[in-house]
Amino acid sequence: MLSKRVIACLDVKDGRLAKSIKFVNTKEIGDPVEKARQYYQDGLDELVLYDITASSDKRDIMIEVVEKVASQIFIPFSVGGGIRSVQDATKLRMAGAEKINVNSAAVKDPELITRCSHAIGAQSTVLSMDVLRVRAGRAIPSGYEIVINGGRTRMGIDAVQWAVRGEALGAGELVVNSIDADGTLEGYEIKLTRMVADSVGIPVIASGGAGKPEHLYEVLSEGRADAALVASMVHYGEYTVGEIKAYLNTRDVKIRMRY
Amino acid sequence: MITIVDYNAGNLRSVKRACDAVGIGSELTQDPEAVIRAERIVFPGVGNAASAMRTLEETGLAEAIKTAFYKGIPILGICLGAQIILERSEEGEVFCLGVIRGVTRRFALKNKTLKIPHMGWNEVRVEIDHPLLNGIQTGDEFYFVHSYFPDPADPIHIYATTDYGRRFCSALGKDNLFAAQFHPEKSGRLGLEILKRFAAWEGSPC
């Protein structure tokens, strides 16, 4: 049987590591390559590098970061943030990323998912979605709405419906990121994760809210996620990846333990 | 020196990077002559079996790989490279290199909760001892991404198996050929160790 995956997300701004709290006030916390290597040695199963660089003229810095990471860690990793075209995706693949994440650009141009999927394969095309809890209604039956621009712009699209459509368009995996839970360290949005996981046939990565190992256990069992994303809880040294995995192992979650 | 067969089949540079990291010299080549003269060959691949076979035949690399195999050059096949060494593939219903008898089949999973592709870390269980699998313990996991799997006709070619809805062959081989359905170059330390053992392997299966 496949193991559940623990994935660490590194937000990268101008080539440096940053962690956003509620998507505002980014605070630099170090070198992404060094962090990636540390997590790799600690038994990380997969890595996400998320480019939050604002200006497009600094985008090539990210290619350098991807190349450096690819030469030092030998587990799959994906890159997201600001991918608007197949060319962006292909360039990052060539630099060594196993997968690419599309997010806002795919909301505005859903066919981007299909074009990426044809160019680099469904298994390398990840649809990442930022989701806000709202009052359920006719337009948003699940009570979860797709947002872009770091949560500032509501799109009037139901998150569960968008997940189903993303799969149909060619995404091979989904990242479901709760804006409400992000940065709180109070646990994942279990209900949202489970609704999405029960609606699609592709793997679901839960994101936003991880503060302690129990949170991963909840989302990987009750939330039915295939993988759980962590950020702050490992970036600031409160937990190591190895400790999280050891905990999950004691809770009988199938996890890769020898690395 | 490891010669990596370059036939536009996906992430070849990741194999090269992994070789670099463990101090193994490697080069990419598209030249059939270089393949026949190689000391060791890595035959990687991600993508579609039918289009890969077309490219290999058009470039002369298909013949070169077979010649290299019969010359006794140690060969490591990875992912698609572990599938198209069989006689044919259900992916595009294409005839393949036929170095080992058998067919590459698609996962036909009755259990709807199992997702295709089979993507992620899974256990590789050694069925027949092989120098490249030395040191692998019960429970050791490797990274997979695939929708098809190799199904050799004769179990003497099945070196390791993995469970995903069913038991399937995750490492196979014959004589100087060893092939893994998983990705040693993406499987952390345990995967890099397979590359290191390959770099020192004389090409004998036992």
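Sequence lines set the chain letters: A, B, ... in the order given, protein chains first and strands last, and positions in each chain run from 1.
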Next on the checklist: Using heavy-atom distances under 4.5 Å, tell me whether A:Tyr259 contacts chain B through its side chain, its backbone, both, or neither.
Outcome noted: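 Backbone of A:Tyr259 only, per the 4.5 Å heavy-atom cut-off to chain B.
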
Item to check | Heavy-atom closest contact (B:Pro117 atom, A:Gln123 atom, distance) | outcome: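 Taking B:Pro117 first and A:Gln123 second, the nearest heavy atoms are CG-CB, 4.1 Å.
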
Checklist entry - Looking only at heavy atoms, what is the nearest atom pair of A:Tyr40 and B:Arg189, with distance? => result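 Heavy atoms only, the tightest pair is OH-N, 3.6 Å.
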
Checklist entry - Who passes side chain to side chain contact (heavy atoms under 4.5 Å, CB included) against B:Asp140, sequence neighbours left out? => result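 Applying side chain to side chain contact (heavy atoms under 4.5 Å, CB included) to B:Asp140 gives A:Arg258, B:Ile136, B:Gln137, B:Phe142, B:Leu190.
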
Item to check | Any residue meeting side chain to side chain contact (heavy atoms under 4.5 Å, CB included) with B:Pro131, in chain and number order, not counting sequence neighbours | outcome: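 For B:Pro131, the residues satisfying side chain to side chain contact (heavy atoms under 4.5 Å, CB included) (neighbours in sequence not counted) are B:Trp201.
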
Item to check | Pair B:Asn122-A:Arg256, side-chain contact (heavy atoms from CB on, under 4.5 Å): steps then yes or no | outcome: CA-CA 8 Å; B:Asn122 205 337; A:Arg256 179 177 67 113; over 6 Å; no

Checklist entry - Hey, is B:Glu141 close enough to A:Lys254 for a salt bridge, meaning N to O under 4.0 Å? => result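 Counted as a salt bridge, because a side-chain N and a carboxylate O are separated by less than 4.0 Å.
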
Within-4.5 Å side-chain heavy-atom neighbours: [X] and [Y]:
{"X": "B:Lys115", "Y": "A:Leu2", "result": "no"}
{"X": "A:Arg93", "Y": "B:Arg13", "result": "no"}
{"X": "B:Met119", "Y": "A:Asp226", "result": "no"}

Checklist entry - Any chance CD of B:Glu93 has more than 12 other-residue heavy atoms, nucleotides or ligands included, within less than 6.0 Å? => result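 Counting neighbours around CD of B:Glu93, more than 12 heavy atoms of other residues, nucleotides or ligands fall under 6.0 Å, so yes.
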
Item to check | Whether over 12 other heavy atoms sit under 6.0 Å from B:Lys174 NZ | outcome: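 More than 12 heavy atoms, drawn from other residues, nucleotides or ligands, come within 6.0 Å of this atom.
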
Next on the checklist: Within residues 69-85 of chain A, which residues come under 4.5 Å of chain B, heavy atom to heavy atom?
Outcome noted: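 Result: A:Ala70, A:Ser71, A:Phe74, A:Ile75, A:Pro76.
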
Checklist entry - CG of B:Asp163 to CE of A:Met1: how many Å apart, nearest 0.5 Å? => result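 The CE atom of A:Met1 is 9.5 Å from CG of B:Asp163, to the nearest 0.5 Å.
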
Next on the checklist: Using 0.5 Å steps for rounding, measure from the CE atom of A:Met257 to the CH2 atom of B:Trp121.
Outcome noted: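 Atom-to-atom, A:Met257:CE and B:Trp121:CH2 are 13.5 Å apart.
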
Checklist entry - Between B:Asn48, B:Leu192, B:Thr162, which residue shows the highest count of heavy-atom pairs closer than 4.5 Å to chain A? => result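 Among the listed options, the one with the most contacts to chain A is B:Leu192.
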
Item to check | All pairs passing side-chain hydrogen bond (donor to acceptor under 3.5 Å, both in side chains) where residues 187-207 of chain A contributes a residue, at least two apart | outcome: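 Sorted result for residues 187-207 of chain A: A:Arg133-A:Glu189, A:Tyr144-A:Glu189, A:Asn177-A:Ser207, A:Asp198-A:Arg224.
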
